[in-house]
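Single-structure report; data block below.
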Amino acid sequence: MNKGDHLFLVDGSAYIFRAYHALPPLTRKSDGMPVGAVSGFCNMLWKLVEESRDTSVGTIPTHFAVIFDHSSTTFRNELYDQYKANRTAPPEDLVPQFALIREAVRAFDLPCIEKQGFEADDLIATYTRQAVAAGGDVTIVSSDKDLMQLVGPGVILYDQMKDKRLGPEEVKEKFGVYPEKMIDLQALVGDTSDNVPGVPGIGPKTAAQLLDDYGDLETLLARAGEIKQAKRRENLLEFAEQARLSKRLVTLDCETPLDTPLDDLFLHEPDGEKLIAFLKAMEFTTLTRRVAATLEVSASAVETAKVEVEGPARGPDLDPAAANGAIASSEDGAARLAMTPAALVEARRAEAAGASFDRSAYLTIRDEAALSAFLAEAQETGILAFDTETDSLSAMNGRLAGVSFAVAPGRAGYVPLGHVSPNGEADLLSDKSLEDEIGPQIPLERAMAILKPVLEDPAILKIGQNTKYDTLVMLRHGIVVAPFDDTMLISYALDASASLAGHGMDELSERFLGHKPIAFKDLCGSGRNARAISACEIDKVTEYAAEDADVTLRLWRVLKPRLVAEGLASVYERLEKPLVPVLARMEERGVMVDRQILSRLSGRFAQKQGALEADIAELAGEEFNPGSPKQLGEILFGKLGLPGGKKTKSGQWSTDVKVLEELAAEGHALPSKIVEWRQLTKLKGTYTDTLPNHMDERGRIHTSYSMASTTTGRLSSSEPNLQNIPVRTEEGRAIRTAFVAPEGTLLVSADYSQIELRILAHIADIPQLKQAFQEGLDIHAMTASEMFGVPVEGMPSDVRRRAKAINFGIIYGISAFGLANQLAIPREEAGLYIKRYFERFPGIRDYMDETKAYAKQHGYVETLFGRRAHYPDIRSPNAAMRAFNERAAINAPIQGTAADIIRRAMIRMEGALAEAGLSAKMLLQVHDELVFEVPEDEVEATLPLVRRVMAEAPMPRVDLSVPLEVDAKAANNWEAAH
DNA sequence: CGCTCCTAACC
DNA sequence: AGGTTAGGAGCGA
């Protein structure tokens with residue numbers, strides 16, 4: 001190396017983690033190998049290579065190397081055994097990519113440098129010192145503060161992602177000291193992520209100030225007695241040795257023996273063919289194209305490389321300490337690939353198949369010492385399955401009866417906390433104390449005090465089944481459970497098929513463990529004989545509750561590895577898990593409802609209902625129950641002899657609205673009365689009479705959102721369902737006026753306009769639709785105009801209505817039968833409409849054909865965000881069943897993508913509001929609508945922010961070719977805001 | 001009491 | 001015609 005040469009050193013290990021975390025999609029190759037980080041790494045490296053070829057920038061490297069950490073034990077561990085001891089294992093889908101990334105560097109024809117027993121930073125320091133000594137310049141591609149100490153004349157740090165170059169002045173600006181004092185600063189401050197202790201109570205600001213005042217660490221420590229602030233002085237005196245140790249830990253070793261001499265890092269022209277062969281093997285089509293273009297190599301002429309990653313010689317690692325099992329420690333402590341994802345899945349499946357359950361081994365934990373001892377086991381393994389037992393099914397009302405835990409398969413216990421006498425109140429009168437009767441229980445507050453640090457410990461993964469329930473219960477006791485995994489959501493991400501029984505624990509246990517857990521009914525009874533779990537015998541509850549925790553833990557071991565193996569980790573990590581706390585908070589807040597408005601409506605409805613019942617009896621000539629379709633059918637089609645049309649599945653006369661309206665159109669009086677009666681009965685029975693029963697003492701209703709009950713990724717709402725509050729008719733809308741905002745606040749409703757049609761336009765790539773959306777046109781009128789040749793100006797409303805029905809039909813996987821039914825036209829005519837539609841928009845037919853073919857081949861379809869909807873019955877020999885599954889498969893990517901988008905918006909919303917200093921509270925989600933409670937004086941600022949977060953929700957993962965439009969409005973009730 | 005059927009509310 | 005939840009009727013155990 002000579003004067004004027006320029007060495008580029010890439011901090012490869014930091015690069016990997018940045019690539020993994022910064023780039024959203026978890027991509028994988030067709031054989032299932034995750035390559036998201038490899039992709040991010042290659043893209044960053046290529047960008048760097050491209051930049052460095054750009055002569056206009058003026059920093060052209062002559063020497064280049066990518067440096068990696070080789071092992072986790074280095075000379076620093078001899079200095080301090082706790083060094084980096086708190087490092088958690090890398091994400092399991094990242095582990096198998098390490099080897100591929102080293103392959104990638106070789107494919108770029110760049111030196112790949114690592115050395116056992118040394119950190120990348122030490123190698124970087126050594127090369128830097130040698131390069132500077134030889135008169136060269138150095139650019140270290142990293143943003144790690146540990147490397148700041150190397151900055152100086154001719155040496156800069158380059159943060160590629162932020163496109164920032166850091167010289168001495170920038171370091172001074174950032175840390176308050178020049179690079180040469182960085183070591184002293186780090187020695188004082190310490191580093192929690194590396195477990196460098198530093199001096200307690202001294203942060204970066206104080207450290208910079210002290211170094212400014214005293215010059216350097218040794219002077220500071222020698223003169224620490226002069227410091228005025230008592231605590232600071234004492235700490236510096238007491239922890240002086242610790243500061244010196246920290247200094248040795250953070251000081252980089254410039255004398256690392258190098259296997260590859262500096263001069264061998266000389267940069268030469270990349271071998272385009274070698275690189276492209278590798279990129280093709282990784283299936284990075286975009287990057288392959290770009291590299292091919294820049295290096296002027298024909299990609300198609302290059303044969304795909306055979307990339308083989310070294311596999312393990314050893315068998316399955318089922319040590320619970322190796323949490324996710326994908327990592328095995330080798331002799332030198334380096335994490336390396338132990339098994340392919342598929343092999344791990346298979347090992348875990350075999351483990352589950354051989355599982356046996358011994359309920360008698362479960363512990364009943366009745367004192368604090370036993371609880372602490374049990375939880376200490378979780379500290380060892382880093383894993384804790386838990387389940388809360390409450391005396392009500394709703395997390396909002398339930399009182400805690402107890403908590404169960406499992407730390408390893410078969411190792412589980414139950415902690416009774418709120419149990420009462422199984423014999424009811426009688427014993428309250430006797431002198432026998434509760435404890436004498438049912439045994440001791442840890443006082444609730446004491447137990448919570450012990451649980452809190454464990455449930456909130458970032459190093460212990462809490463595993464639950466439907467964690468939204470348990471985290472909400474714990475939230476009500478002031479505990480924020482984190483981090484967590486949820487077996488229900490893992491199962492749901494893996495396969496949300498309708499044909500499956502569901503994702504409840506009992507179903508999952510039978511499906512994956514072949515074990516039938518104790519049924520809740522068998523423990524507590526049902527119906528009239530039902531008891532609260534808190535009133536059941538504790539020994540029995542221990543068997544039930546501890547089993548649930550045990551089952552949950554075992555399910556997790558089977559299911560979690562499948563996420564990576566099947567390419568669904570990003571769906572789970574980005575669309576499922578982060579939504580849990582968001583929904584828990586929405587449920588906890590509830591929405592305010594005006595009881596008076598509902599009660600007035602109930603009265604009004606009752607009056608009308610009574611009048612209608614009288615009319616109905618008179619028209620029918622007898623008293624009967626208009627609510628009984630059976631009786632009604634007999635009256636209409638038997639007694640009155642009206643022309644009966646359809647029959648239902650079970651052979652009864654159909655009396656649904658459609659039938660009744662047709663009869664009404666023929667001039668019969670009774671059917672329209674029935675229709676009106678039914679509507680009122682529905683509104684009264686389901687809404688105005690029932691909603692008040694769901695209100696809490698503050699007048700708020702807390703729905704429960706289910707994240708795992710639809711096949712497409714939509715949420716559902718129950719107890720009560722707030723996603724089907726009437727909106728279509730005027731009387732129905734009146735119910736919405738009862739959803740109000742408290743004094744000083746307003747309700748904001750924000751909804752996506754035509755989101756599914758927009759998604760269809762994007763996915764199927766329909767030019768006319770995309771253009772119409774870009775120009776903000778009336779999409780149904782445009783469709784009508786295109787189909788029927790009627791100008792949009794002055795279009796008859798019926799023409800537009802038909803086009804609208806067709807557009808919806810398309811989303812639903814149109815059939816002539818369905819469209820005919822919807823428009824009340826002959827099936828032949830509906831068939832002609834569809835034919836014409838496909839002629840005008842041939843891309844739609846292509847999309848439908850491709851989607852069906854994909855679903856038949858794979859058994860599932862995917863949303864733009866990778867969520868899968870499975871349709872195994874699409875291969876059914878039964879034509880009707882096949883057709884049904886085809887339509888569902890066509891609909892699922894559209895409906896599911898819309899569901900993914902609003903999930904992303906919800907996940908980001910709270911953070912965005914907080915960042916803007918706004919206090920809006922998200923309360924409800926209705927598929928394409930979000931409802932917030934907003935202080936009046938913040939409404940103006942909140943509306944545009946909510947609109948923006950929703951409209952930009954697909955980004956950056958997906959950049960839709962149509963704009964997403966969001967309508968948002970504020971008012972004092974939901975009806976007016978909508 | 002628990003299940004199925006029918007109907008209807010929503011997107 | 002895609003995706004839901006809820007309530008009442010009716011029926012069998």
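Chain A is the first sequence line, chain B the second, and so forth, proteins listed ahead of strands; every chain is numbered from 1.
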So, does the side chain of R714(A) form a donor-acceptor pair with the base of dC11(B) at under 3.5 Å?
yes

Would you call L636(A) and L660(A) a side-chain contact if the rule is heavy atoms closer than 4.5 Å?
yes

What are the atom names and distances for every N/O pair under 3.5 Å that joins the protein to nucleotides 2-5 of chain B?
from: dG2(B); atom 1: OP1; to: S526(A); atom 2: OG; distance (Å): 2.5
from: dC5(B); atom 1: O3'; to: S650(A); atom 2: OG; distance (Å): 3.3

When you compare the side chains of N807(A) and T783(A), does any donor N or O come within less than 3.5 Å of an acceptor on the partner?
yes

Over all strands shown, is S709(A) touching base, sugar-phosphate only, or nothing at heavy-atom distances under 4.0 angstrom?
sugar-phosphate

Main chain of F865(A), side chain of T863(A): is a donor-acceptor contact present, judged purely on distance under 3.5 Å?
yes

With heavy-atom distances below 4.5 Å as the criterion, would you say the side chains of L715(A) and L583(A) are in contact?
yes

Treating R758(A) as the side-chain partner and P963(A) as the backbone partner, does any N or O pair qualify as donor plus acceptor under 3.5 Å?
yes

Mind checking G809(A) for me? I need base, sugar-phosphate or nothing, with any heavy atom below 4.0 Å counting as a touch.
base

Residues in residues 834-866 of chain A with a heavy atom under 4.0 Å of DNA chain B, by number, are none

Can you list the residues that meet the salt bridge (Lys or Arg N to Asp or Glu O under 4.0 Å) rule with K608(A), with sequence neighbours excluded?
E731(A)

What is the first contacted nucleotide of DNA chain C and what is the last, in 5' to 3' order, if contact means an atom lying under 4.0 angstrom from a heavy atom of chain A?
dA1(C) to dC11(C)

Ring centres under 6.0 angstrom apart (F788(A), Y833(A))
yes

When you measure from the side chain of Y752(A) to the backbone of M950(A), do you find a donor-acceptor pair of N or O atoms at a distance under 3.5 Å?
yes

To the nearest angstrom, how far is E661(A) atom CD from dT7(B) atom C1'?
13 Å

Sorted by number, the residues of residues 878-897 of chain A with heavy-atom contact under 4.0 Å to DNA chain C
F884(A), R887(A), A888(A), N891(A), Q895(A)

Are side-chain N/O atoms of S718(A) and S704(A) paired as donor and acceptor at under 3.5 Å?
no

Hey, can you pull the residues of residues 671-681 of chain A with a non-hydrogen atom under 4.0 angstrom from DNA chain C?
none

Does a donor on one side chain and an acceptor on the other come within less than 3.5 Å for T703(A) and E587(A)?
no

